[in-house]
Amino acid sequence: MSDTAAKRNAAAGNVTAEDSAAATEAAIERSRKAVEPERPKHIIRTLAGSMREYTRESLLAPLFVFIEAILEIVIPTVMATLIDQGITGGSMPAIIKFGLILLVCSLVSLACGFLAGKYAAIAAAGFAKNLRRDQFEQVQRFSFTNIDRFSTGSIITRLTTDVTNLQMAYGMMVRMGVRAPIMVIVAWIFSFRISPSISMVFLACIPILAIGLCGLAVLVHPVFERVFHTYDALNNVVDENLQGIRVVKSYNRESFEIHKFDRISKHIFKDFTLAERIMSFNSPIMMFCIYASMILISWMGAQQIVASGNNAALGLTTGDLTALVTYAMQILMAMMMLSMIFVMFIISQASAERICQVLQEKSTVVDPENPVKNVADGSIEFDDVTFRYSDSSEKPVLDDINLTIPSGATVGIVGGTGSAKSSLVQLVPRLYDVSVGSLKVGGRDVREYDLEVLRDQVAMVLQKNVLFSGTIAENLRWGNPDATDEEIRHACQLAQADGFIQEFPDKYDTYIEQGGTNVSGGQRQRLCIARALLKKPKILILDDSTSAVDTKTDKLIREAFHHEIPDTTKIIIAQRVASVQESDMILVMDEGRIMARGTHDELLKTCDEYRSIYESQTKNTAAGQSELEQAAAKEAENIKNAAEEGETR
């Protein structure tokens, strides 16, 4: 291939990668807009609820800041008196007197500054800790519908970056936010007492700063909102990549993933650069006001001192001008602090809104006022049930479901991918609420039960089996924290997990890595089944949770269920007909509807779809068995011929 052709192909590959990455980002953006939570209300009131035990520190910090600021403002006045009465007047007692006053004021101001910093740091750190805890607790209360509105990356950003922004802003508010206004107001009052005309210079700066800062706020706030949404997308990309790193490497897609990450990272860089470019005008505006004020104060002060002959009785003195210059610096530095707070406020405003979206989100699944505290049995009844994941969905996921399952029955569910098998069983423990109709467990509508009571009696092993970092025993005790070692082992024996656990050196104390990456898929599934059995539920749901288990082990698990937990209602979703053919009733689902129901033999006669699935799965088995029988017959014939030849000889 020529160099030109190679370059052309490489360029085409880059365009394809860029287009694909751009399409991915567009899909992320569309998904975000589709489920974006509502803009929060009463933000300050919501955030204030997270102060709690740190309210004392939040009040003490501003108190010490107030004392520190007042003393710093008093110091220039004392200094002016020392200059006029002590130095200019040549009075040593006055120098000692006012010098000691200056020393005491400075030491008290220093102590107050130290205490203000200490309490501000405690208040800000404690506020951030409570915010993270409140958000995390709120997420734990969310239903699946609520969780679908926030991506994993978005929740992580809100718990980390957004909280850190608020922590910094809060720390600045309880110190600089109190100190700066006090310094500006009180210092201006003191300067007005010295020279009303010169003090008006400070007032002239306020409109200039106000107009400049408000203009910057209007321009930069939308940019920071966009930045944090892009952070969500970045975290989603990282999370997806790490979750599927084995797939990425097996398909050699590292370069594509890097390119996708790089594009989103560049978006963040571009938006932050734009925001900082806009905010950079803050400093020139401040510097202009400071230098203009100093020039005007010096010019007007010099004129008034010359006119008064440096006589306090006739007008401004050198000591007064020194105090005015000090007040000018204090006022302008305080205004610079306000501008810094303003910048931090703009950044944290977007973070505050995003945090309040989590804190104000109302769970779609809540306990009733007087919840039922006991589940009578494991009977299940679907009565004209229709279900949508979102109210805006045009087509329901489940439609017109009518089904009665007696307590203790075993029900198998089969169907193609996307036939809503998992959606059906997720309604039983009330992970979602039905959109239309009713679902009863133990003769009562699931919405009448206390959520904790209902979910304690419904054990569910999902398609995606999750184990947490810790020992095998610790993972299993998620099903029952008080389970004894004997109960744990018995549950594992039922789930056919005890055998491989005993082969580990540490047995039930074997450490499981995060996600269960140090055990096989089949082992992970059996451990999750054992964990569910420890709950001793009235209803056990296996959502394709033996797919990684061989057929022999699968059969042993089902036999153990039949003999050991006959009174427990068992719902088994499976791709293999062999896993459900012994069930009391089998449901065949397609596009959110129950196409057929009956026993294995009945469905073979009446349901073409079920018969097709069964034949496709047993055909290969039958063919393999036939080949084995033919090979065995041929081998027997060869042995017989060899024996006959030996006898002839």
Side-chain angles (χ1 to χ4, degrees), residues 62-91 93-110 112-113 116 175-210 286 288-339:
L63 176 62
F64 285 115
V65 167
F66 176 79
I67 298 171
E68 178 193 17
I70 294 297
L71 289 173
E72 287 190 12
I73 292 168
V74 168
I75 285 173
T77 301
V78 177
M79 190 179 296
T81 307
L82 186 148
I83 291 172
D84 290 339
Q85 296 184 16
I87 298 174
T88 305
S91 172
I95 293 174
I96 295 173
K97 174 186 174 183
F98 291 109
L100 289 173
I101 293 174
L102 279 175
L103 180 63
V104 171
C105 288
S106 300
L107 291 175
V108 175
S109 176
L110 179 66
C112 289
R175 289 200 70 188
M176 296 183 186
V178 174
R179 176 189 176 89
I182 292 173
M183 293 290 286
V184 170
I185 295 170
V186 180
W188 184 82
I189 292 172
F190 273 68
S191 64
F192 184 83
R193 289 175 59 250
I194 296 172
S195 175
S197 58
I198 293 177
S199 68
M200 293 300 155
V201 172
F202 306 129
L203 294 182
C205 293
I206 293 176
I208 299 173
L209 284 171
M286 287 300 308
F288 170 78
C289 291
I290 288 174
Y291 292 134
S293 299
M294 294 305 296
I295 291 170
L296 287 172
I297 289 169
S298 299
W299 178 62
M300 294 173 68
Q303 283 189 324
Q304 291 185 25
I305 289 173
V306 170
S308 68
N310 202 24
N311 189 331
L314 300 176
L316 201 68
T317 64
T318 305
D320 292 336
L321 181 60
T322 303
L324 282 171
V325 170
T326 304
Y327 286 134
M329 291 304 298
Q330 287 180 341
I331 291 172
L332 295 171
M333 288 303 294
M335 294 179 77
M336 185 172 286
M337 286 182 198
L338 285 175
S339 71

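- The two residues Ala204 and Pro207 make their nearest non-hydrogen contact at O-CD, 3.4 Å.
- Val108 pairs by the side-chain contact (heavy atoms from CB on, under 4.5 Å) definition with Leu71, Val104, Cys112, not counting sequence neighbours.
- Note on residues 322-333: no pairs pass salt bridge (charged side-chain N to carboxylate O under 4.0 Å, His left out), not counting sequence neighbours.
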For this session: Could you give me the CA-CA distance, side-chain angles and deciding distance for Met200 and Trp188, then say whether side-chain contact (heavy atoms from CB on, under 4.5 Å) is met?
Result: CA-CA 9 Å; Met200 293 300 155; Trp188 184 82; 4.1 Å; yes
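- Residues forming a side-chain contact (heavy atoms from CB on, under 4.5 Å) with Val178 (at least two apart in sequence, or on another chain): Pro62, Val65, Ile182.
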Please table the atom pairs, donor to acceptor, closer than 3.5 Å between any side-chain atom in residues 295-303 and protein atoms at least two apart or in another chain.
from: Ser298; atom 1: OG; to: Met294; atom 2: O; distance (Å): 2.9

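- Atom OG of Ser191 and atom CD1 of Ile198 lie 9.0 Å apart (nearest 0.5 Å).
- Atom-to-atom distance recorded for Ile70:CD1 and Ile75:CD1 is 11.5 Å, nearest 0.5 angstrom.
- Residues satisfying the ring pair (Phe, Tyr, Trp, His ring centres under 6.0 Å) criterion with Phe66, sequence neighbours excluded, are absent altogether.
- Considering only residues two or more places apart in sequence or on other chains, Ile101 meets the side-chain contact (heavy atoms from CB on, under 4.5 Å) condition with Val78, Lys97, Phe98, Cys105.
- Nearest heavy atom pair, residue Gln304 against residue Ser197, reads NE2-OG, 3.0 Å.
- Using a distance-only test at 3.5 Å, with no hydrogens or angles considered, no donor-acceptor pair links the side chain of Ser109 to the main chain of Ser106.
- For residues 177-200, the pairs satisfying salt bridge (charged side-chain N to carboxylate O under 4.0 Å, His left out) are Glu68-Arg179, Glu72-Arg179, with sequence neighbours left out.
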